Amino acid sequence: MTSKERAALRAKANPLEPIIQIGKEGMSDNLINQIDDTLDVRELIKIRVHLETSPESPKELAQKLADALGADVVQVIGGVIVLYREADEERIAEKKKKRGSGTAKAVAKKKVKIKGKRQRQREAEARNPYAKYDRPKYRGR
């Protein structure tokens, strides 16, 4: 990555908020999977490292994450890491195939229709034609 590309990415990352945090657990498989999925969607992310509790320095973590994910470290300032990885459609499609088609979510949920008072009243009158005489009458002021 050239310095001009890095500068452009730093400018894009400036308004972003950190969406992932690294604390006392440090790097774990779940964290790497989460960052991998996030990079597939966003390409450019900020990660906050809690300096007091993290077992490693942000620069070490940034390098390990970049190696594990095949990403580029754009910058490390204080406790904030900025990573960039270009989205690869083929890799994303393979991940989706591995996860399955989502059969658990594919089951149609029962749709619940919430009826208002007037709708329930109309249905009651349709079943019982004398129900409209049981309605309380509106009385003006």
Side-chain angles (χ1 to χ4, degrees), residues 1-129 131-141:
M1 176 182 299
T2 65
S3 62
K4 288 191 176 194
E5 291 172 341
R6 185 171 279 118
L9 290 173
R10 277 199 314 258
K12 277 187 177 180
N14 193 23
L16 296 179
E17 294 293 321
I19 55 175
I20 295 176
Q21 298 180 7
I22 300 175
K24 64 182 177 182
E25 297 291 322
M27 275 184 40
S28 65
D29 292 335
N30 289 336
L31 177 76
I32 291 173
N33 290 337
Q34 182 181 8
I35 294 173
D36 189 33
D37 291 343
T38 307
L39 281 171
D40 286 341
V41 175
R42 297 187 179 217
E43 292 186 351
L44 183 69
I45 61 169
K46 270 189 183 178
I47 301 169
R48 174 159 320 274
V49 179
H50 293 283
L51 299 172
E52 299 85 26
T53 58
S54 178
E56 299 176 81
S57 72
K59 286 187 179 184
E60 294 171 356
L61 285 170
Q63 194 56 45
K64 286 183 179 179
L65 286 171
D67 293 341
L69 298 167
D72 293 321
V73 178
V74 176
Q75 73 178 4
V76 179
I77 295 182
V80 178
I81 302 169
V82 179
L83 292 178
Y84 172 76
R85 183 178 72 192
E86 193 171 337
D88 184 13
E89 298 300 325
E90 294 172 3
R91 182 179 53 221
I92 294 170
E94 286 177 22
K95 278 186 185 179
K96 286 183 180 179
K97 284 182 185 177
K98 284 182 184 177
R99 289 184 184 151
S101 61
T103 54
K105 290 184 180 179
V107 176
K109 293 182 180 179
K110 182 179 176 183
K111 291 188 178 181
V112 178
K113 185 174 181 184
I114 299 173
K115 299 177 184 176
K117 183 177 180 181
R118 289 188 179 160
Q119 179 66 31
R120 290 191 309 262
Q121 192 174 25
R122 284 189 205 111
E123 289 176 359
E125 289 174 4
R127 286 191 305 266
N128 179 6
K132 62 182 172 185
Y133 297 113
D134 296 337
R135 272 193 269 176
K137 297 197 186 239
Y138 173 75
R139 296 187 184 179
R141 294 180 193 201

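Since we're looking at a predicted model, the values are computed, not measured.
- In this structure the side chain of Arg6 never reaches within 4.5 angstrom of the side chain of Gln75, judged on heavy atoms.
- Annotation for Asp67: atom CG counts as buried by contact number, over 12 foreign heavy atoms lying within 6.0 Å.
- Judged by distance alone, the side chain of Gln63 and the main-chain N or O of Glu60 form no donor-acceptor pair under 3.5 Å.
- The two atoms that bring Arg91 and Arg85 nearest to each other are NH2-NE, 3.2 Å, heavy atoms only.
- The existence of a salt bridge linking Glu52 and Lys24 is excluded, since no basic side-chain nitrogen approaches an acidic carboxylate oxygen closer than 4.0 Å.
- When each of Ile22, Val73, Leu31 is tested with Leu61 by the rule side-chain contact (heavy atoms from CB on, under 4.5 Å), just one qualifies, namely Ile22.
- Val74 has its side chain out of reach of Lys12: every pair of non-hydrogen atoms, C-beta onward, lies at least 4.5 Å apart.
- In Gln119, the CD atom is crowded: over 12 heavy atoms of neighbouring residues, nucleotides or ligands sit closer than 6.0 Å.
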query = After noting the C-alpha distance and the side-chain angles of Ile32 and Leu69, does the key distance pass the side chain to side chain contact (heavy atoms under 4.5 Å, CB included) rule?
reply = CA-CA 8 Å; Ile32 291 173; Leu69 298 167; 3.6 Å; yes

- Could you walk me through whether Gln21 and His50 pass the side chain to side chain contact (heavy atoms under 4.5 Å, CB included) test, one step at a time? CA-CA 7 Å; Gln21 298 180 7; His50 293 283; 3.0 Å; yes

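- The two residues Val82 and Ala13 have their closest heavy-atom pair at CG1-CB, 3.7 Å.
- Put simply, the side chain of Met1 reaches to within 4.5 Å of the side chain of Leu9, judged on heavy atoms.
- Within the 4.5 Å cutoff, the side chain of Met27 has heavy atoms near those of the Leu65 side chain.
- A salt bridge links Lys95 with Asp40: at least one charged nitrogen is closer than 4.0 Å to a carboxylate oxygen.
- For the atom pair CD1 (Ile92) and NZ (Lys97), the distance works out to 13.5 Å, reported to the nearest 0.5 Å.
- Atom NZ of Lys59 and atom CD1 of Ile77 lie 10.5 Å apart (nearest 0.5 Å).
- Minimum heavy-atom separation, Pro18 to Ile47: CB-C, 4.4 Å.
- Glu123 CD to Asn128 CG: the interatomic distance, rounded to the nearest 0.5 Å, is 13.5 Å.
- At least one side-chain heavy atom of Glu125 sits under 4.5 Å from a side-chain heavy atom of Gln121.
- Within the 4.5 Å cutoff, side-chain heavy atoms of Thr38 are placed close to those of Ile20.
- Listed here is the closest heavy atom pair of Gly79 and Pro58: CA-CG, 4.2 Å.
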Fill in: side chain to side chain contact (heavy atoms under 4.5 Å, CB included) evaluation trace for Arg48 with Ile81
CA-CA 6 Å; Arg48 174 159 320 274; Ile81 302 169; over 6 Å; no

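- Considering only heavy atoms from C-beta on, Leu39 comes within 4.5 Å of Ile35 through its side chain.
- Leu16 is not listed as a side-chain neighbour of Ile45, based on a closest heavy-atom distance of 4.5 Å or more.
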